[in-house]
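One structure below.
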Number of protein chains: 2
Amino acid sequence: MSADPTLRREIPDATVARLPEYLRTLTMLAEAGVASVSSEELAASVGVRSAQLRKDLSHLGSYGVRGVGYEVETLALEITRALGLTQDWPVAIVGMGNLGHALASYSGFVTKGFHIVALFDDDPALIGEQVGDVTIRPSWDIEGCARELGIAIGVIATPAPAAQTVCDALVKSGVHAILNFAPSVLTVPAGVEVRRVDLSTELQILAFHAQRRVGLPSPAVVQR
Amino acid sequence: MSADPTLRREIPDATVARLPEYLRTLTMLAEAGVASVSSEELAASVGVRSAQLRKDLSHLGSYGVRGVGYEVETLALEITRALGLTQDWPVAIVGMGNLGHALASYSGFVTKGFHIVALFDDDPALIGEQVGDVTIRPSWDIEGCARELGIAIGVIATPAPAAQTVCDALVKSGVHAILNFAPSVLTVPAGVEVRRVDLSTELQILAFHAQRRVGLPSPAVVQR
DNA sequence: AGACGTTTGTGAAGCCATGCACAAAGCGAG
DNA sequence: CTCGCTTTGTGCATGGCTTCACAAACGTCT
Ligand SMILES: NC(=O)c1ccc[n+]([C@@H]2O[C@H](COP(=O)([O-])OP(=O)(O)OC[C@H]3O[C@@H](n4cnc5c(N)ncnc54)[C@H](O)[C@@H]3O)[C@@H](O)[C@H]2O)c1
Ligand SMILES: NC(=O)c1ccc[n+]([C@@H]2O[C@H](COP(=O)([O-])OP(=O)(O)OC[C@H]3O[C@@H](n4cnc5c(N)ncnc54)[C@H](O)[C@@H]3O)[C@@H](O)[C@H]2O)c1
């Protein structure tokens, strides 16, 4: 009785982080004309254990057929819904340097439901420049137009010292989700979600593992 | 008896992932002239609990002074050693499109001990182009010169369909650490470490959380 | 209709990471 | 030297995630 079908179950963070991978693989399968897939096959494509895949999917509901597997289209749709990708998300990028330009001209986002609707920078030389079909605006306009444009997700690609300032402006404009490329820790009010991507950190983690290799039995032809 | 002082202890992955953050903050403190820091202060700057910081550091050894804290220079050096950053790491980037160019011209890597020593692409229009002080080489030369240049870390910034091919070439050239920006799962021999950075995935995770917000008590002035 | 092989969904167990709480250890003041 | 204050390093408890293993469910074939 208390089981409301529309009630969003608690989905573990670890699962949420894997759902996009499942979705991407399912989309590829659908394009290849595959209609049905087993947890074993799908898990192998994504690089996880089949038990993990099944447990992850069980958090969304029961969309498989025992003895058969999952219908690719259906499962893709359910993951899309769980992730909230049935609607389009308006995205703004702040900081149109090297990285900002690469992000703005990347076509891989739109196909996933993300639309870049605003670009900001504080360099007068960049303001007014057209990237794709969006014009770069002055960053002091963030508070003015971000709310108006309905920006839901903000991407920060400014140098580290500017990141907190930009973040504050975004939050003040009603943005509750921020992807931060600057190597700095952002302080935000409760209810605002921040994810950080730090490429230097990734390289350093790789260096750690590479260092441990020293003295190991060479390359290995062993496949895993 | 089995305790070899030079034996590298097992450092948990979760800890390794945080060490670069600690190091970055310590470097900033050092530049600001701070000589000593407590676990409480450092943890606050990084955004973790102090107990977690102390436990993380305890995996490296005992470099703090009770009642006082940690000497910034010393701790930074120890983390640098633990991560294997006392040596410089030669890095190659494959795929010099938008993202590849942004990465190649990013100055934040060299200061951390990473040197981009080779760039590859298979587009004749790009081959020969100079980025910084490195010339773009044809990607069919990877096996020829990667080993010779001592490439330890490979960065893949090609479209997804080319990623596995490029990865194979890198591995064949003796590269054991790969940072993959392409949205594809790479298959590698045992002993090769792959990390993937997928910006679409990050946005999708943010979308999930943003979606859950719907109907929540608005923005909130509450600081956390 | 019933038996059989396959694959899902999930309890249970094991594992790892996080957070708590405190004894041990250092420093400085008296 | 001793006392008291501060902060580290860590044992232990807690919670979450992963993996195992199997009953339940489904399609198919006879
Ligand atoms: N380029 C890379 O490959 C790379 C890799 C890792 C990390 N990063 C990080 O990403 C961020 C951007 O890198 P980049 O290479 O594009 O740097 P960049 O210097 O090329 O671009 C930064 C841009 O931000 C703009 N900016 C500065 N202050 C601003 C403000 N207050 N409001 C709006 N815009 C502002 C600048 O005008 C500039 O256009 C940096 O924090 C960098 O550390 C970049
Ligand atoms: N640009 C972004 O902001 C962004 C964001 C997310 C993910 N990505 C991913 O990063 C990758 C690169 O993105 P991009 O925007 O730079 O793409 P891009 O098309 O601008 O560049 C790809 C480059 O790879 C080269 N290439 C293709 N096949 C190759 C091969 N076999 N060997 C060597 N080089 C080869 C191409 O010549 C081109 O220069 C893609 O996989 C993309 O999905 C990019």
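As a basis for the values below, the full set of heavy atoms in this structure was taken, side chains included, without hydrogen atoms, waters or symmetry mates. Order of the sequence lines sets the chain letters (A, B, ...), proteins ahead of strands, with each chain counted from 1.
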Check the distance between C:dA17's P and B:Arg18's CZ and give it to me in whole angstrom. 9 Å
When you measure from the side chain of B:Arg213 to the backbone N and O of A:Gly191, does any donor-acceptor pair fall under 3.5 Å? yes
State whether A:Tyr70 places a side-chain N or O below 4.0 Å from either non-bridging phosphate oxygen (OP1 or OP2) of C:dG9. yes
Between A:Pro12 and A:Val65, who's closer to the 5' end of DNA chain D by nearest nucleotide? A:Pro12
B:Ser45 side chain vs B:Glu41 backbone, donor-acceptor pair below 3.5 Å: yes
Is the shortest side-chain N to carboxylate O distance from A:Glu10 to B:Arg212 below 4.0 Å? yes
Rounded distance in Å - OH (B:Tyr63) to P (D:dT8): 16 Å
Nearest whole Å is fine: how far is C:dA21 C1' from B:Gln52 CD? 16 Å
Below 4.0 angstrom from OP1 or OP2 of C:dG28, is there any side-chain N or O of B:Arg66? no
Please state whether the phosphate of C:dT7, meaning OP1 or OP2, lies under 4.0 angstrom from any side-chain nitrogen or oxygen of A:Ser39. no
Between C:dT7 atom P and A:Glu41 atom CD, what is the distance in whole Å? 8 Å
Under 4.0 Å between a side-chain N or O of A:Ser62 and OP1 or OP2 of C:dG9? yes
D:dG27, D:dG9, D:dA21: which one has an atom nearest the side-chain heavy atoms of A:Val68? D:dG27
Taking atom P of D:dT19 as reference, at what distance in whole Å does atom CG of A:Asp56 sit? 10 Å
With distance as the sole criterion, do the side chain of B:Lys55 and the base of C:dG19 form a donor-acceptor contact below 3.5 Å? yes
Shortest non-hydrogen contact between B:Pro20 and A:Gln204, atoms and distance: CB-OE1, 3.4 Å
Indicate yes or no: does B:Arg18 engage B:Glu21 in a salt bridge with an N to O separation below 4.0 Å. no
Separation of A:Leu53 atom CG from C:dG9 atom C1', in whole Å? 12 Å
In whole angstroms, the gap separating P of D:dA23 from CZ of A:Arg54 amounts to 15 Å
Euclidean distance, atom CG of residue B:Asp13 to atom C1' of C:dC15 [Å, nearest integer]: 13 Å
